[in-house]
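As structure tokens, the structure follows; a few thoughts come after it.
Along the sequence shown, residues are numbered consecutively beginning with 1. Order of appearance sets the numbers: ligands from 1, and atoms from 1 within every ligand.
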Amino acid sequence: MPVPREMFLSNVWRDGIFKDKVLFCTGGAGTICSMQVRAFVALGGNACITGRNPEKTEKGAADIASVRAGAKVIGIVADVRDMVAMEAAAERCATELGSLDFAIAGAAGNFLAPMSQLSSNAFKTVMEIDTLGSFHTAKAVLPYLVQSVQKHKNSGKEEPTGTGGRIIFISASFHFRGQPLQAHVMAAKAAVDQISSSVAMEYGPHGITSNVITPGPISGTEGMERLSTADARSVKESKAKIPVGRWGEVKEIADATVFLFSDAGSYVNGVVLVVDGGAWRTTGADMGSTWKYPDFFFSGAAVEGVKGGKKSKL
Ligand code: COA
């Protein structure tokens with residue numbers, strides 16, 4: 001289905017900045033990743049997306065390709081848990097599209113479960129999809145990224161052939177402070193962050209950059225849809241707890257992606273770019289006290305009635 005450009009890209013990027021470049025994205029038919037790829041393709045690139053579900057992957061690829069006349073987007077059925085399949089997917093991408101210049105390790109699995117109901121296999125499954133899958137993706141694409149950055153140097157100056165040799169890992173912020181029902185995902189994503197750090201350190205000398213994007217609560221994603229169908233009050237409360245007062249848009253993750261892949265992001269390496277409106281910083285902000293986030297900050301009141309708080313004048 002055609003998606004209006006303003007839904008997946010801000011109007012600040014120059015058309016053609018990814019002309020003839022190729023992006024490889026695992027889990028590329030998903031809500032967030034498909035918009036990251038769509039933005040890249042709209043700005044001149046071609047892409048390969050991988051997924052486990054053949055119909056979803058092929059349909060996703062065709063849909064993304066419709067964003068720009070002449071765009072090539074290939075859907076490849078491959079499970080990120082299978083190293084051989086990932087190597088074959090990367091090779092097919094580079095062969096059929098002529099190069100593999102950028103990568104997004106986006107495939108992930110998630111469900112809500114308390115540890116008491118989390119089997120060893122359930123924990124292992126998410127670790128294998130998120131962590132091992134990200135490692136496999138990096139291993140499969142890095143030889144091509146090295147070739148790309150040899151052609152498109154990371155010199156700090158605007159190169160005539162543009163950028164190349166960059167990878168982004170999609171993570172989460174659950175593990176920054178901790179979140180119940182997410183033991184498996186917290187462990188998996190903490191490890192993903194460190195895989196990115198290792199790539200940044202070990203492949204940075206080639207000119208490659210490796211960064212993490214951590215999406216916050218984003219409208220239209222599975223998790224947020226689940227909350228929306230629960231009840232309107234939870235939605236309102238969830239938005240109120242985010243410093244900017246709203247959920248994010250998929251476009252805001254796509255914009256962060258374009259930034260890191262573009263010349264503007266050339267010196268950004270080994271960071272975790274949290275795109276969440278400041279949400280993770282206010283997790284648990286109320287702490288059961290008499291003041292409520294964010295209402296308290298609009299009230300002008302002092303913290304009263306707690307030890308160490310201002311004494312009431314009454
Ligand atoms: N609560 C507890 N355990 C669960 C669960 C839940 N909601 N969902 C799955 N599991 C367990 C299964 O019971 C199984 O463990 P068991 O063998 O001890 O019974 C284990 O997880 C593996 O499940 P299975 O369905 O065989 O794995 P899969 O590879 O087909 O699916 C998942 C992977 C579990 C991550 C599945 O949720 C999935 O495919 N998700 C993809 C979509 C998604 O997560 N999108 C969000 C992206 S952020």
Would you check whether [X] reaches within less than 4.0 Å of ligand 1, judged by its heavy atoms?
X      : answer
Asn110 : yes
Lys124 : no
His184 : no

Identity and separation of the nearest protein heavy atom to [atom]:
atom                    : value
atom 11 (C) of ligand 1 : Ala122 CB, 3.5 Å
atom 22 (C) of ligand 1 : Thr125 OG1, 3.3 Å
atom 47 (C) of ligand 1 : Ala108 O, 3.7 Å
atom 40 (N) of ligand 1 : Gly109 CA, 4.3 Å
atom 45 (N) of ligand 1 : Glu222 OE1, 3.7 Å
atom 38 (C) of ligand 1 : Arg52 NH2, 3.9 Å
atom 18 (O) of ligand 1 : Ser119 OG, 2.5 Å
atom 9 (C) of ligand 1  : Phe111 CE2, 3.8 Å

[atom] protein-contacted (non-hydrogen atom, under 4.0 angstrom):
atom                    : answer
atom 13 (O) of ligand 1 : no
atom 20 (C) of ligand 1 : yes
atom 5 (C) of ligand 1  : yes
atom 16 (P) of ligand 1 : yes
atom 25 (O) of ligand 1 : no

Give the numbers and elements of all ligand 1 atoms closer than 4.0 Å to a heavy atom of [X].
X      : result
Ala113 : 1 (N), 2 (C)
Gln117 : 2 (C)
Arg81  : 29 (O)

Ion pair check, [X] and [Y], cut-off under 4.0 Å:
X     : Y      : value
Arg92 : Glu96  : yes
Arg38 : Asp63  : yes
Asp20 : Lys151 : no

Evaluate the side-chain proximity of Tyr293 to Pro243: yes if any heavy-atom separation is below 4.5 Å, no if none is.
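Yes, side chains in contact.
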Is the ring centre of Phe102 less than 6.0 Å from the ring centre of Phe18?
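Under 6.0 Å, so yes.
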Checking Thr221 against Trp247: is there a side-chain donor and acceptor pair closer than 3.5 Å?
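Not at all, the side chains of Trp247 and Thr221 share no donor-acceptor pair under 3.5 Å.
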Side chains of Ser148 and Arg166, donor plus acceptor under 3.5 Å
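Their side chains do not contain a donor-acceptor pair, so the 3.5 Å distance test is not met.
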Would you kindly specify which portion of Leu118 sits under 4.0 Å from ligand 1, judged on non-hydrogen atoms: side chain, backbone, both or neither?
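For Leu118, there is no contact with ligand 1 at all, from either part.
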Between CZ of Arg246 and OG of Ser238, what distance do you get to the nearest 0.5 Å?
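If I round to the nearest 0.5 Å, the distance is 12.5 Å.
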How long is the straight-line distance from CG of Asn211 back to CG of Asp193, given to the nearest 0.5 Å?
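Between atom CG of Asp193 and atom CG of Asn211 there are 11.0 Å.
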Backbone N/O of Phe111 and side chain of His184: donor-acceptor pair under 3.5 Å:
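Side chain of His184 to backbone of Phe111: a pair is present.
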Other residues, nucleotides, ligands: >12 heavy atoms within 6.0 Å of Glu237 CD
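Counting neighbours around CD of Glu237, more than 12 heavy atoms of other residues, nucleotides or ligands fall under 6.0 Å, so yes.
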Phe174 CZ: over 12 foreign heavy atoms closer than 6.0 Å
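Enclosed: over 12 neighbouring heavy atoms sit under 6.0 Å from CZ of Phe174.
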